[in-house]
Amino acid sequence: MASLASWTVPMSELAVALLLIGRRSRLIGLYGAAVLMLLFTGYTLAIVFFAPYRPCSCGGVISLLSWEQHLVLNAILLLLALLAIWYSPKHKKIPWDKIHQSP
């Protein structure tokens, strides 16, 4: 499982970064970033509350954070991704009130 994750996570991050660069694909990239942050936050939650031991595979500034601080950082970044989706101009063009009306 770790071997698969070691390839899919960085490739997914690169794909999301490329989607964020393009103007037409930016909203899809924002959704991708939010999904990745949701997965990372879920993983961190599982480590904090359910893991018998806490692995340390982070590098750079993140390695200075505790797992609880890492969880807070992930939650903040997830919230920022969701806010970016909400305030995206393309998101505002979707007629949400008509989508949720009963026939």
Side-chain angles (χ1 to χ4, degrees):
M1 184 74 155
S3 177
L4 178 65
S6 70
W7 280 96
T8 55
V9 170
M11 295 304 283
S12 299
E13 291 171 339
L14 284 173
V16 166
L18 290 174
L19 288 169
L20 289 171
I21 291 171
R23 184 173 287 153
R24 289 183 174 179
S25 61
R26 189 164 295 145
L27 186 59
I28 296 169
L30 289 172
Y31 277 107
V35 167
L36 284 175
M37 282 313 304
L38 184 64
L39 291 172
F40 295 154
T41 304
Y43 171 75
T44 307
L45 271 168
I47 294 295
V48 169
F49 291 109
F50 302 112
Y53 70 94
R54 296 179 179 185
C56 183
S57 59
C58 298
V61 177
I62 300 291
S63 65
L64 301 175
L65 299 177
S66 69
W67 278 94
E68 289 79 8
Q69 292 167 331
H70 199 152
L71 180 60
V72 171
L73 175 65
N74 283 2
I76 290 169
L77 293 174
L78 176 59
L79 179 63
L80 286 174
L82 294 174
L83 286 172
I85 291 168
W86 182 256
Y87 286 110
S88 172
K90 288 184 180 181
H91 178 267
K92 293 295 184 188
K93 291 181 183 177
I94 299 172
W96 292 105
D97 56 334
K98 293 182 181 179
I99 292 173
H100 296 293
Q101 286 181 349
S102 300

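Count residues from 1 along the sequence.
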About how many Å separate [atom2] of [Y] and [atom1] of [X], when rounded to the nearest 0.5 Å?
{"X": "F49", "Y": "W67", "atom1": "CZ", "atom2": "CH2", "value": "13.0 Å"}
{"X": "L19", "Y": "R24", "atom1": "CG", "atom2": "CZ", "value": "14.0 Å"}
{"X": "T8", "Y": "E13", "atom1": "OG1", "atom2": "CD", "value": "9.5 Å"}
{"X": "H70", "Y": "T41", "atom1": "NE2", "atom2": "OG1", "value": "8.0 Å"}

Self-check item: Closest non-hydrogen atom pair between V16 and G32, with its separation
Solution: CG2-C, 3.8 Å

Quiz item: Which pair of heavy atoms, one from A34 and one from I85, lies closest together, and at what distance?
Solution: CB-CD1, 3.9 Å

Quiz item: Is the side chain of S25 donor-acceptor paired with the backbone N or O of I28 at a distance under 3.5 Å, no angle test?
Solution: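 No; zero donor-acceptor contacts below 3.5 Å.
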
Quiz item: Who passes side-chain contact (heavy atoms from CB on, under 4.5 Å) against S3, sequence neighbours left out?
Solution: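 Here no residue qualifies.
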
Cluster check [X], [Y]: I/L/V/M/F/W/Y, side chain < 4.5 angstrom:
{"X": "V35", "Y": "V9", "answer": "no"}
{"X": "L38", "Y": "L80", "answer": "yes"}
{"X": "M37", "Y": "L65", "answer": "yes"}
{"X": "W7", "Y": "L4", "answer": "no"}

Exercise. Go through the steps to decide whether W86 and L82 satisfy the test side chain to side chain contact (heavy atoms under 4.5 Å, CB included), and finish with yes or no.
Key: CA-CA 6 Å; W86 182 256; L82 294 174; over 6 Å; no

Side-chain polar contacts of residues 71-79 - donor-acceptor pairs under 3.5 angstrom, sequence neighbours left out - could you list them?
unit_1: N74; atom_1: ND2; unit_2: F40; atom_2: O; d: 3.4
unit_1: N74; atom_1: ND2; unit_2: T44; atom_2: OG1; d: 3.0

